[in-house]
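Here is the structure we will look at, set down as structure tokens.
Computed from a prediction, not measured in an experiment: that's the story for all the values here.
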Amino acid sequence: MTMRIQPSILSADFVNFESEFKTISAADGIHVDVMDGHFVPNLTFGLGMVKRMQEITTLPLDVHLMIENPDQLAAQYAEGGVFSVTVHFEALTDPIATAKAIKSKGARAGLSIKPNTPVADIDDLIQHFDQILVMSVEPGFGGQAFMPSSIEKISTIRNLIDSRGLATWLQVDGGIDLVSIGQAASAGADTFVAGSSVFGSSDRNEMIRKLRVAAESAVSSS
Ligand code: DX5
Ligand code: ZN
């Protein structure tokens, strides 16, 4: 199984994104956290900034929308060549229409659930999305501890994906480090967002490679 590492720039220097991106060239993609100060109690940046980011890097941008009204706004974020746009189940009115709108702009569509949202709530929606994102911390801030309760959710979603013969990616975001990545990978995750563990490291590309190896080893030994 291919293990993908996507550093979250929530832990990067916000006034130096261009040089920050160059320090994570070993990544499979860049995870971009859009926060509106309403859906989550934190504010980052919006559409103009995301479009500019895609212009200055060839790495795929994985845009995580932690905003209200994603139905209205997701398609705009999907323009400009970003790789994927993920919306939160808790904020959506029409998940299937929003997935279609994202895909119609050429991006992959992702669906995310917060720690208190049960997997059963999205059971019927999985087939409409290209990737499912399990939040393993309460969204809003970097540097929080990985919640062990997310392991069972990852495992349940992995079984749903495999039993239906889907190729859906299973992503986990929050508290991913060299220990928790192994637990998440063993449970069935294949795509890992890591903020503070990568950007807090003195050699970020080396940390990205170590995380990838840790995920791959956990799967091959389980
Ligand atoms: C949290 C964000 C995460 C965050 C992860 O709401 O969605 O992407 O940057 O940061 P770490 O890896 O430090 O938990
Ligand atoms: Zn995120």
Using atom types as modelled, flag every donor-acceptor pair under 3.5 Å from a side chain in residues 142-152 to any protein atom, sequence neighbours excluded.
residue	atom	partner	partner atom	Å
Q144	NE2	E138	O	2.8
Q144	NE2	F141	O	2.9
S150	OG	M147	O	2.5

Atom pairs and distances, side-chain donor-acceptor, residues 125-134, under 3.5 Å, sequence neighbours left out:
residue	atom	partner	partner atom	Å
D130	OD2	A109	N	2.8
Q131	OE1	R108	NE	3.1
Q131	NE2	D62	OD1	3.1

Evaluate the side-chain hydrogen bond (donor to acceptor under 3.5 Å, both in side chains) criterion for residues S25 and N205: first the C-alpha distance (whole Å), next the side-chain angles of each, then the deciding distance (0.1 Å), finally the verdict. CA-CA 7 Å; S25 55; N205 277 332; 3.0 Å; yes
side-chain hydrogen bond (donor to acceptor under 3.5 Å, both in side chains) partners of D121, counting only residues at least two apart: none
For A12, side chain to side chain contact (heavy atoms under 4.5 Å, CB included) partners two or more places apart: I9, F17, E20, F199
Residue pair H64 / S112, side-chain heavy-atom distance below 4.5 Å: yes
Sequence neighbours excluded, the answer for side-chain hydrogen bond (donor to acceptor under 3.5 Å, both in side chains) partners of D28 is R212
Looking only at heavy atoms, which two atoms of I24 and I30 are closest? And how far apart? CD1-CG1, 3.9 Å
Is any side-chain heavy atom of I208 closer than 4.5 Å to a side-chain heavy atom of P7? yes
By side-chain hydrogen bond (donor to acceptor under 3.5 Å, both in side chains) - contacts of T191 (at least two apart): R4
Should the pair R164-D123 be classified as a salt bridge under the 4.0 Å nitrogen-to-oxygen rule? yes
Apply salt bridge (charged side-chain N to carboxylate O under 4.0 Å, His left out) to E79 and list each qualifying residue two or more places apart in sequence or on a separate chain. K51, K105
Whether the side chain of K153 engages the backbone of P115 through a donor-acceptor N/O pair (distance < 3.5 Å, no angle test) should be reported. yes
Is any side-chain heavy atom of S186 closer than 4.5 Å to a side-chain heavy atom of Q183? no
When you compare the side chain of Y77 with that of V50, does any pair of heavy atoms fall below 4.5 Å? yes
Neighbour count above 12 (heavy atom, 6.0 Å) for K103 NZ: yes
Main chain of M135, side chain of D173: is a donor-acceptor contact present, judged purely on distance under 3.5 Å? no
Can you name the residues that form a salt bridge (charged side-chain N to carboxylate O under 4.0 Å, His left out) with D162, not counting sequence neighbours? R158
Correct closest heavy-atom pair for I102 and V87 would be CD1-CG1, 4.3 Å
Could you identify which residues cluster with W169, counting Ile, Leu, Val, Met, Phe, Trp and Tyr as linked when any side-chain heavy atoms lie under 4.5 Å apart, either directly or through a chain of such contacts? F83
Residues forming a side chain to side chain contact (heavy atoms under 4.5 Å, CB included) with S196, sequence neighbours excluded: S11
Do L65 and V63 have side chains that approach each other closer than 4.5 Å (heavy atoms only, starting at C-beta)? yes
With N42, which residues qualify under side-chain hydrogen bond (donor to acceptor under 3.5 Å, both in side chains), at least two apart? none
So, using side chain to side chain contact (heavy atoms under 4.5 Å, CB included) as the criterion, who are the partners of E55 when residues are at least two apart? R52
Report yes or no: does N69 contribute a side-chain atom to a donor-acceptor pair with the main-chain N or O of Q72 at less than 3.5 Å? no
Does a side-chain heavy-atom distance below 4.5 Å link I56 with F21? yes
